[in-house]
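The structure appears below as structure tokens.
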Amino acid sequence: MRTVVYPGSFDPLTNGHLDVIERAARLFDRVIVAVAQNTEKHPLFTPEERCALVVGATRRLRNVETRAFDGLLVDYVRGCGAQAVIRGLRAVSDFEFEFQMALMNRKLDERVETIFMMPKDTYTFLSSRLVKEIARLGGDVRDFVPGNVGKALAGKNGVRQTALPKRK
Ligand code: PNS
């Protein structure tokens, strides 16, 4: 059984994350989406909300599970019996940080491999940070996030409520 962990803040899940999850689910027997409880990014959504949004968007993918995690990623990966970590790479700008993190994780535990996957090219500009900013200012994020995430964003305090045009 090949298990892979896809860790992240997922604050919130975007279509880019979902695209990576779908690709990983085709390659591995089991994909664990590991939602970081403690992140220095002052998340908009609580860990429980972020997990629930991933669960809602991945329900149809039978080999995908969602769990919250705390502590060192390599410890978590080992505890899950996983062989590798997946990280999405959108552009060269992601590379430096991701490379540093992958090599540090390897230094911490050389059995944990990091695999980089590229989301569909139409998602290379997408980030949770931009999605939150657009939603906060009343913009339309429906092309960027799964439906359940769009609804959750609209329901958050501080997000400007605007009537969006009906979709065909
Ligand atoms: O979506 P993000 O914010 O880029 O995800 C970053 C995350 C959660 C994967 C990273 O911060 C992490 O692995 N945190 C767990 C703590 C840890 O192991 N830190 C050392 C990483 S080298």
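Indexing begins at 1, ligand by ligand and atom by atom, following the structure's order.
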Aromatic ring pairing Phe95/Phe99, orientation class (parallel under 30°, perpendicular over 60°, tilted between):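 Taking Phe99 first and then Phe95, their aromatic rings lie parallel (interplane angle under 30°).
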Parallel, tilted or perpendicular: rings of Tyr76 and Phe69 (30°, 60°):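 Correct class here is tilted.
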Counting only N and O atoms by type, is there a donor-acceptor contact under 3.5 Å from the side chain of [X] to the main-chain atoms of [Y]?
X: Gln83; Y: Thr3; result: yes
X: Asn15; Y: Asp143; result: yes
X: Arg90; Y: Tyr123; result: no

Note: Asp11-Lys41 ion pair, threshold 4.0 Å (strictly below):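 Judged by the 4.0 Å cut-off on N to carboxylate O distance, Asp11 and Lys41 do not form a salt bridge.
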Set of residues that line ligand 1, where lining means a heavy atom lies under 4.0 Å from it: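 Near ligand 1, by chain and number: Pro7, Gly8, Ser9, Ala36, Lys41, Phe69, Gly71, Leu72, Leu73, Arg87, Met101, Met104, Asn105.
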